[in-house]
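One structure is given here, and the rest of the page talks about it.
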Amino acid sequence: MNSEGLVEVVLPGKVEPEGLEIRHGAVPAAGPGQVVIRMEATGVSFAEQQMRRGRYYDQPPFPFVPGYDLVGTVQATGEGVDPDLAGTRVAALVKVGGWASHVRVDAADVVPVPDGIGAAQAETLVVNGITAWQMLHRKARVRAGQTVVVHGANGGVGSVLVQLARAAGAQVIGTASPRHHDALRERGVVPVDYRADDLAARIRALAPREGVDAVFDHVGGHGIVDSWRLLAPGGTLVSYGSAATRDAEGSKQWPVLKLLGRVWLWNTLPNRRRACFFNVWAGRALARNRFRSRLRADLTQVFAALQRGEVTARIAAQLPLARAADALRLAESGTVAGKVVLNP
């Protein structure tokens, strides 16, 4: 790729993956407090699958450049930024804008990637790693000897979550389709077929008598009630998505609001269980510095877990940025394990 020009992928509206557009322009300049990152790896996450359908609950108006996170090398630093940052590999969580050859971000939002971790490896663990770490350690506060349920244990977040939970000494029951069960067993996870009619009963049969200590649910919809009922006293339900409504029509806010209402109601009940709705961006508007320091601390922990071999970076496929449509199609097919990564 010509290093002089900017190449970015634009989502023009509600389109099929083939409707994505490639746009060329000038590389942005770093303003005060900013850096320009030369992207080395970005990825396809569930957010982009929802965004192209207009279903992501706080997406910007069309057209925009999608791309939830990225890893790359700092190419330029703006006024007030340590010039030594130039040439270092960093990761950034951006929500939109990552599907571009060059991305301008606030210097305070970048997290250094340790030496020895490749760009694509690191990319698999930015949004997925942060989400898994914060849900496990900040929300559910899972400890050794506890039992947790991870729905979608083979998914992007789920696969990191089960590994971090095992590293923390927890017993893990994971739902996934049968073809992934052997891989889950190798990780010390007890697998359950997520399509089983009696899913809740099967999980309950495997769980301790009084219930489980945490359930991580990305599906939402009706199944969330079963997740809540699996909890032991003192247990935590962490809901972090509404995958059940990805292809639904109607309001994109309503499934989330319904979920929040249910969570609020459950938390008012005197039953010593709690539910929370996890959003990786929560707190950013109100306490940006605290948000940034947590993000840096937690992502640094995830990268350290990768270096220790507690977490693996699962790259499903790597495609060039110009083939973003193929990458999105592949990620949506549900046939690959791991993250679909885009390279410049």
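Quick caveat, the model's predicted, so the values are computed rather than measured. Throughout, residue positions are numbered sequentially from 1 according to the sequence presented.
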For residues 117-125, tabulate all N or O donor-acceptor pairs below 3.5 Å that involve a side-chain atom, not counting sequence neighbours.
| from | atom 1 | to | atom 2 | distance (Å) |
| --- | --- | --- | --- | --- |
| Q121 | OE1 | G118 | N | 2.9 |
| E123 | OE2 | G43 | N | 3.1 |
| T124 | OG1 | Q121 | O | 2.7 |

(request) Kindly indicate whether the side chain of H102, heavy atoms from C-beta on, has any atom under 4.5 Å from the side chain of I37. (result) no
(request) Assess whether atom CD of E18 is packed by more than 12 heavy atoms of other residues, nucleotides or ligands within 6.0 Å. (result) yes
(request) Check each of Q171, R141, R143, Q146 against D213 using the side-chain contact (heavy atoms from CB on, under 4.5 Å) test, and report the only one that passes. (result) Q146
(message) Membership question, hydrophobic clusters at under 4.5 Å side-chain separation (ILVMFWY): are V96 and W281 in the same one?
(response) yes
Return all side-chain donor-acceptor pairs below 3.5 angstrom for residues 197-211, not counting sequence neighbours, or 'none' if the list is empty.
| from | atom 1 | to | atom 2 | distance (Å) |
| --- | --- | --- | --- | --- |
| D198 | OD1 | R202 | NE | 3.0 |

(request) Find the distance between CG (L164) and CG (L136) and round it off to the nearest 0.5 Å. (result) 6.0 Å
(request) Applying side chain to side chain contact (heavy atoms under 4.5 Å, CB included), run through V157 and M135 and close with a yes or a no. (result) CA-CA 10 Å; V157 174; M135 291 195 303; 3.9 Å; yes
List the atom pairs, with distances to 0.1 Å, where a side-chain N or O of residues 22-36 and a protein N or O form a donor-acceptor pair under 3.5 Å, not counting sequence neighbours.
| from | atom 1 | to | atom 2 | distance (Å) |
| --- | --- | --- | --- | --- |
| R23 | NE | E8 | OE2 | 2.9 |
| R23 | NH2 | E8 | OE2 | 2.9 |
| Q34 | OE1 | G31 | N | 2.8 |

(request) Measure the shortest side-chain to side-chain distance between D82 and T77 over non-hydrogen atoms and say whether it is less than 4.5 angstrom. (result) no
(message) Would you say that V212 contacts V148 through its side chain, given a criterion of any heavy-atom pair below 4.5 Å between the two side chains?
(response) no
(request) Look only at the side chain of E48 and the backbone of S45, and say whether a donor-acceptor pair between them is shorter than 3.5 Å. (result) yes
(request) Report yes or no: does T175 contribute a side-chain atom to a donor-acceptor pair with the main-chain N or O of Y194 at less than 3.5 Å? (result) no
(message) Checking R273 now: which residues fulfil side chain to side chain contact (heavy atoms under 4.5 Å, CB included) with it, not counting sequence neighbours?
(response) W228, L231, P233, N271
(request) With sequence neighbours excluded, tell me which residues meet side-chain hydrogen bond (donor to acceptor under 3.5 Å, both in side chains) with R138. (result) D298
(message) Side chains of V127 and F46, heavy atoms from C-beta outward: is any pair under 4.5 Å?
(response) no
(message) Looking only at side-chain N and O atoms, does T335 offer a donor or acceptor that is under 3.5 Å from a partner on R179?
(response) no
(message) Which residues pass the ring-ring contact (aromatic ring centres under 6.0 Å, His included) test with F278, not counting sequence neighbours?
(response) none
(request) Check whether any side-chain heavy atom of V280 sits under 4.5 Å from a side-chain heavy atom of L93, and report yes or no. (result) yes
(message) Please evaluate residues R288 and S293 with respect to the criterion side-chain hydrogen bond (donor to acceptor under 3.5 Å, both in side chains), reporting the C-alpha separation (whole Å), side-chain torsions for both, the decisive distance (0.1 Å), and the verdict.
(response) CA-CA 9 Å; R288 185 165 279 223; S293 62; over 6 Å; no
(request) Look only at the side chain of T42 and the backbone of D69, and say whether a donor-acceptor pair between them is shorter than 3.5 Å. (result) yes
(message) When you measure from the side chain of D193 to the backbone of R195, do you find a donor-acceptor pair of N or O atoms at a distance under 3.5 Å?
(response) yes
(request) Answer yes or no: is there a donor N or O on one side and an acceptor on the other, between the side chain of R166 and the main chain of A170, under 3.5 Å? (result) yes
(message) Once salt bridge (charged side-chain N to carboxylate O under 4.0 Å, His left out) is applied, what residue pairs with a partner in residues 309-328 remain, sequence neighbours excluded?
(response) R308-E310, R323-D326
(request) Would you mind listing every salt bridge (charged side-chain N to carboxylate O under 4.0 Å, His left out) that reaches into residues 88-99, with sequence neighbours excluded? (result) E40-R89, D58-K95
(message) Taking side chain to side chain contact (heavy atoms under 4.5 Å, CB included) as the definition, give me every residue that meets it alongside T300, ordered by chain and number, with sequence neighbours left out.
(response) V111, R296
(message) I'd like to know if the side chain of Q59 and the backbone of Y56 have a donor-acceptor N/O pair within less than 3.5 Å.
(response) yes
(request) Calculate, to the nearest 0.5 Å, the distance between atoms OH and CH2 belonging to Y68 and W99 respectively. (result) 13.5 Å
(message) If the condition is side chain to side chain contact (heavy atoms under 4.5 Å, CB included), which residues does A153 pass it with, not counting sequence neighbours?
(response) V150, V162, L184
(message) Nearest 0.5 Å, please: how far is OG in S101 from CG in L6?
(response) 4.5 Å
(message) Do the side chains of D109 and R284 get close enough for a salt bridge, i.e. N-O under 4.0 angstrom?
(response) yes
(request) Answer yes or no: is there a side-chain heavy-atom contact under 4.5 Å between V238 and C276? (result) yes
(request) State whether E16 and R53 are salt-bridged, where the test is any N-O pair (Lys NZ or Arg NE/NH1/NH2 against Asp/Glu carboxylate O) under 4.0 Å. (result) no
(message) Using modelled atom types and a 3.5 Å cut-off, is there a donor and acceptor pairing between side-chain atoms of Q163 and backbone atoms of S159?
(response) yes
(request) May I have all residue pairs that pass ring pair (Phe, Tyr, Trp, His ring centres under 6.0 Å) and include part of residues 117-151, sequence neighbours excluded? (result) W133-H137
(request) Compare all side-chain heavy atoms of F64 with those of M51 and state whether any distance is below 4.5 angstrom. (result) yes
(message) Could you tell me if the side chain of V126 sits less than 4.5 Å from the side chain of V302, heavy atoms only?
(response) no
(request) Quick one: name the residues clustered hydrophobically with V341, using the 4.5 Å side-chain heavy-atom rule over I, L, V, M, F, W, Y, and just say none if it's on its own. (result) I315
